[in-house]
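We're numbering straight along the sequence, starting at 1.
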Amino acid sequence: MAKLLRAQREIDYLHNHYWSKLPPLFHSQVREDETAGEPLPDFFLVSIGYLNIYQPKDSRMVQAAFSYLRQFHPASLPVNHITHSFCTRFFRFLQERLHGNTPVNYFKKFKMCLDYCVEENLLPSNPAKGIRLPQYNDVTKQILSPKELVKLTLTPCRNPEVKRAFLFSCQSGLRWCDIQELCYKNIDFAQRHLMLVQKKSCRSFTKACLAYLSE
């Protein structure tokens, strides 16, 4: 709740102090709402507040979704200009430039921000509701073979820490964001276990992982 209030204060501060000084790329062509008579903010300004309160670790995916939205609509974007047709055309835009489930995942993040606009009474309903999002579950992911991993191990790298983190990820199945947050406190030296609490699960990596980490 505190982060939500802080984000709202930041939006209000930007609106009151820098609205007229923002460059054309951010400055919204504000229209008066016919019922309330109040100016509606630019969606890209709202997205700043949304990112400030976004908790999951995939915030970069949210930023990437907004980046593609900026490519699709480089001008200002008042929230009341986001219609069902606009959302449909944006999703097609993502499908033309991305592959697999990436367009679906990016559009879901955009849709979540629209839900945030509804919660903040900026929109009466989510204009992206009802848009069918196909899933490509049959995508085959390429997996490195043991021979290829050995070859990578012997190949020089300008950043040895990135190389070690990648190889450790191949051995443990950890994501890069999990490896980035690893600390000594995650290691139970007595039991020779590496404990890591993720968002949806708790994983324990035993002797082999700890030996690799200590090398």
Heavy-atom side-chain contact between Leu182 and Leu174 under 4.5 Å | yes

Are His73 and Phe86 close enough that their ring centres sit under 6.0 Å apart?
-> yes

Looking at residues at least two apart in the chain, or sitting in another chain, which of them share a side-chain hydrogen bond (donor to acceptor under 3.5 Å, both in side chains) with Tyr50?
-> none

Any chance the rings of Phe44 and Phe66 have centres within less than 6.0 Å?
-> no

Taking every non-hydrogen atom, the tightest pair across Val118 and Pro124 = CG1-O, 4.3 Å

So NZ of Lys109 and OG of Ser47: to nearest 0.5 Å the spacing works out to 15.0 Å

Relative to Phe72, does Arg89 satisfy both conditions: NZ or CZ under 6.0 angstrom from the six-membered ring centre, and within 45 degrees of the ring's axis?
-> no

Is Lys163 close to Pro156 at the side-chain level, that is, under 4.5 Å between some pair of heavy atoms?
-> no

Distance, nearest 0.5 Å, that separates NZ of Lys129 from SG of Cys87 | 13.5 Å

Heavy-atom donor-acceptor pair, His84 side chain to Ala128 backbone, under 3.5 Å = no

Kindly give the heavy-atom pair with the smallest separation between Cys170 and Leu149, and that separation in Å.
-> SG-CD2, 3.7 Å

Quick one: do Val162 and Leu154 end up in the same hydrophobic cluster if we chain Ile, Leu, Val, Met, Phe, Trp and Tyr together by side-chain heavy atoms under 4.5 Å apart?
-> no

Worked check of side-chain contact (heavy atoms from CB on, under 4.5 Å) between Ile179 and Phe166 | CA-CA 9 Å; Ile179 295 178; Phe166 174 78; over 6 Å; no

Do Pro41 and Leu122 have side-chain heavy atoms sitting under 4.5 Å apart?
-> yes

Starting at CD of Gln63, measure out to CZ of Arg60 and round the result to the nearest 0.5 Å.
-> 7.5 Å

Find out whether Phe107 and Ile131 are in side-chain contact, i.e. whether some heavy atom of one side chain is under 4.5 Å from a heavy atom of the other.
-> yes

For Tyr106, what residues pass the ring pair (Phe, Tyr, Trp, His ring centres under 6.0 Å) criterion, not counting sequence neighbours?
-> Tyr68

Hey, does the side chain of Glu120 reach the backbone of Cys117 with a donor-acceptor pair shorter than 3.5 angstrom?
-> no

Closest approach of Ala75 and Arg70, non-hydrogen atoms and distance?
-> O-NH1, 3.9 Å

Salt bridge (Lys or Arg N to Asp or Glu O under 4.0 Å) filter on Lys111, not counting sequence neighbours, yields none

Mark yes or no for whether Thr102, through its side chain, and Leu98, through its backbone, hold a donor-acceptor pair below 3.5 Å.
-> no

Among the clusters formed by ILVMFWY side chains lying less than 4.5 Å apart, do Leu167 and Leu144 turn up in the same one?
-> yes

Which atom names give the shortest non-hydrogen contact between Gln71 and Pro74, and what distance separates them?
-> O-CD, 3.9 Å

How close do Met61 and Asn105 get, heavy atom to heavy atom, and via which atoms?
-> SD-CB, 3.8 Å

Just wondering, do Phe91 and Leu133 contact through their side chains at under 4.5 Å, heavy atoms?
-> yes

For Arg92, does the CZ atom have more than 12 heavy-atom neighbours from other residues, nucleotides or ligands under 6.0 Å away?
-> no

With side chains defined as the heavy atoms from C-beta onward, is the minimum distance between Tyr116 and Asn126 less than 4.5 Å?
-> no

Angle class for the Phe90/Phe93 ring planes (parallel below 30°, perpendicular above 60°, tilted otherwise)?
-> parallel

Roughly how far, to the nearest 0.5 Å, is the NE2 atom of His81 from the CG atom of Asp42?
-> 10.0 Å

Joint cluster assignment, Leu51 & Leu114, ILVMFWY side-chain distance < 4.5 Å = yes

Cys113 side chain near Phe43 side chain, heavy-atom distance below 4.5 Å = yes

Is the closest side-chain heavy-atom distance between Arg192 and Asp188 below 4.5 Å?
-> no

Any donor-acceptor pair under 3.5 Å linking the side chain of Asn186 with the backbone of Leu194?
-> no

